[in-house]
Amino acid sequence: MTPSDQPLVEIDRLTVGFPSTEGWIHAVSGVSLAVARGETLALVGESGCGKTLTALSILRLVPPPGQILSGSIRFDGREITTLAEAEMRLVRGARIGLVFQEPLTALNPVLTIGWQIEETLRVHRMTTPDPRARALALLAEVAVDDPARRIDEYAHQLSGGLRQRALIAMALACRPALLIADEPTTALDVTVQAEILNLLMRLKVKHGLALLLITHDLGVVAQTADRVAVMHAGRIVEEAPVRTLFRTPQHPYTVGLLREAARRVTR
Amino acid sequence: MTGDLREKGDRPLFGSDSSRKGACPLFPLIDVRDLVKTYARGGRLLRRSGDVLAVDRVSFAIEEGETFGLVGESGSGKSTTGRCILRLVEPTHGEIRFRGENVLAFSRERLRRARREMQMIFPDPYSSLNPRMRVGTIVEEPLVIHGLGTRPERQARVAELFQLVGLASSMSRRYPHELSGGQCQRIGLARALALNPSFIVCDEPISALDLPLQTQVVELLLDLQQRLGLTYLFIAHDLRLVERVCTRVAVMYRGRIVELASASRLFEAPHHPYTRALLSAVPVPDPERRTTGLTFDPSTFNPSAELCEVAPEHWAAV
């Protein structure tokens, strides 16, 4: 029905605001972005620049009292901003998966990993004859060693890398078309970070996932993204294919970020 | 004014300090020898059956004015090593000398005085500050505990410390939750500086902050080092940061130091296969160059290998 050359996500002049005594404060102002099917778009910027809020808007999870004030978000050809909540639930977590920065707080400490993966299937009424088998398969897919043991373990029994893998398994449970990963490796050791990034890249190719990667690490961007959008103070200041952006950055803010990143690696 | 805060025969609490430079040229500032820390696995009853070796026969020395880096993945024993030096964790075995004096033999009272010289900055700026105390009180607390100065003197010192770490002194009335992560870390730093220490263990001081803030805090740490003649033990898993700020670096793996060299040497010519794997895992900020991603096979790790000098001042356990 939807032509495949149409972007999977199309954000048009999105403005997200928070009320204050002097009216609305725009945390995201007039952001336009597109993510194609199977593409990795990196959204780069420092904390507070609005990158996470932009991503949360796609899921309609802007924390109140903040709200989407204007603009349009189309996902797979459908307007998200006006979708009924019941319909939104069929998109959120099902068609769009989300991987958080801090896997320990994103996982429920009193439920097993397996239970939480199966919960995703239950909530979205995925008809699976054997949810446990599906959860096991998902854990195997995210390269968890010995999934038969891990499935009955709790978050505190897992290392940071394993927790992040479990979260990715949950995000993949309903076979989404888009995966939003918000600083997925910031809390991890470099060696584990490399493993998780490789895993995301592998899954992306295997399932034709589009990936919206939110990060402040330009090393991660250089190694994974197809295109980059740089955000600063609620606006996109520059957007380009990754090689173009690193070779010929246009905006002074981008130039500064790149210089900062280069300064920290002499090799 | 701050001169009054001085105890008899002590160094002044603040300002340029001539007594510090070359105070004890005979000894390194910190000398760690054969440090071992084991933790009991499971309950007390099963104690004998399997202790975890968190730190395994670690030796190194830190010279005055140096920034010594300890790197490794989580669980490698780097934080435990840092805490053992300050005796926040009691070592199981080994020797720790501060200006030639055996820290492990210190009495409670001597240790308390030693803590004026040795301070710590914690990894998580929020959770290391008491949420119910105003940040000014937090910074003042070390002075109160060590019984230094009168109230007005201490407050003047707090104002001075705020200025030193780049915060407006009007902020002292606020609570930690009212500050940003970067500001909280500055409070943690001001608290560490309150007693005018000569040595600070910085345990992942910026890993909770984002890049531009990291840069600011790092610049501040380096600036303070110059101005106050500080010596740092820098514990971090961010190799790029370590490369930038440290004079010498030790790489830890499973409680052992596997390599020790000057920062420039270590990053240019890593010797140990684990160090190579670690360095190759850092994503290169250049889309034209792929990260090589070497892997280290843990089964090849020999915990009993001793450090040998593979090049001048470059040691590796092979």
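Chain letters run A, B, ... following the sequence lines, proteins first, then strands; residues in each count from 1.
No hydrogens or angles considered: a donor-acceptor pair under 3.5 Å links the side chains of Glu204(B) and His237(B).
Ring pair His156(A)/Tyr154(A) is parallel by interplanar angle, where below 30° counts as parallel and above 60° as perpendicular.
Using a cut-off of 4.0 Å between Lys/Arg side-chain N and Asp/Glu carboxylate O, Glu288(B) and Arg247(A) are scored as salt-bridged.
Leu188(A) touches chain B through its backbone: at least one of N, CA, C or O sits under 4.5 Å from a heavy atom, while the side chain does not. In this structure, chain B has no heavy atom under 4.5 Å from any part of Glu195(A). The parts of Val242(A) that come within reach of chain B are both its backbone and its side chain, each placing non-hydrogen atoms under 4.5 angstrom from that chain.
The minimum heavy-atom distance between Thr254(A) and Pro249(A), with the atom names listed, is CG2-CB, 3.9 Å.
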